[in-house]
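Read the structure below first, then the notes.
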Amino acid sequence: MLDLLAAAVAPDRCLHCRAAARLGAPLCDACRRALPWLGTDGCLRCGLPRACLRRRCPARGAAFSGAWAPLAYEGPARALALAAKEHAARRVAPWLAAAMTARAPAALLAGTEAVVPVPPDPARLRRRGEDHAGLLGAHVARAVGLPCLPLLARARSAPAQHAQDRAGRRRLAAPDVLAPPPATVLLVDDVHTTGATLGAAAGALRAAGARRVVALTALRTLR
Ligand SMILES: [Zn+2]
Ligand SMILES: [Zn+2]
């Protein structure tokens with residue numbers, strides 16, 4: 001209640017530069033204009049904003065068959081991702097989900113039957129108290145008119161991705177699947193970095209019976 005009163009009298013602060021932002025908006029107008037939007041004409045296999053040669057695509061051999069994000073993990077968009085993880089998940093998730101669903105290529109969403117969020121890391125969830133991918137998944141599901149099925153769970157914490165070599169990241173342990181998934185799944189997470197987390201989740205869903213898994217994230221690192 002106090003939070004609501006405070007929000008009604010104080011303007012929201014931009015999560016990137018701290019300037020005044022419109023009520024409920026995560027960024028000020030200047031930072032919003034500087035957002036690094038990605039189009040839909042890049043590689044829909046790995047989500048990078050370029051055409052990949054098939055054998056050079058970083059997602060070759062991945063368990064997900066398509067991936068896309070509306071924003072690059074840069075500038076003000078990076079601040080949004082960090083805020084979503086750290087303290088402002090409930091303010092940022094609806095905005096990110098709207099960007100994801102309004103701009104997503106129709107070919108990616110075609111035929112998907114349910115949204116499945118990437119499961120939270122148990123240690124991070126204890127520390128931060130918010131399952132930001134789950135929150136994002138719920139908003140995305142509502143926007144596209146699909147059920148949100150939290151079918152994946154992670155019993156143990158994974159080592160930090162930056163602490164692992166490339167081969168180690170590819171061997172990321174698969175999450176547990178709690179119930180049989182539908183045939184075509186829209187996997188949702190906040191950031192697509194190496195694709196290892198999405199790949200492990202997609203692999204677990206495929207092993208449990210899903211025939212096609214596509215990944216929709218809010219941000220994509222450009223590497
Ligand atoms: Zn700003
Ligand atoms: Zn590619």
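Counting starts at 1 for both ligands and their atoms, in listed order.
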For the residue pair Arg220 and Trp68, would you count it as a cation-pi contact if the rule is NZ or CZ under 6.0 angstrom from the ring centre and within 45 degrees of the ring axis? no
Could you tell me the separation between the OG1 atom of Thr184 and the CG atom of Leu205, rounded to the nearest 0.5 Å? 11.5 Å
Within 6.0 Å of CZ in Arg127, more than 12 heavy atoms from elsewhere: yes
With the Zn ion (ligand 2) at the apex, how many degrees lie between SG of Cys52 and SG of Cys43, rounded to 10 degrees? 110°
Pro150 and Leu178: which non-hydrogen atoms are nearest, and at how many Å? O-CD1, 3.8 Å
Can an N, O or S atom be found in Cys28 less than 2.8 Å away from the Zn ion (ligand 1)? yes
Given the Zn ion (ligand 1) as the apex, I'd like the angle to SG of Cys17 and SG of Cys31, rounded to 10 degrees. 110°
With the Zn ion (ligand 2) at the apex, how many degrees lie between SG of Cys57 and SG of Cys46, rounded to 10 degrees? 110°
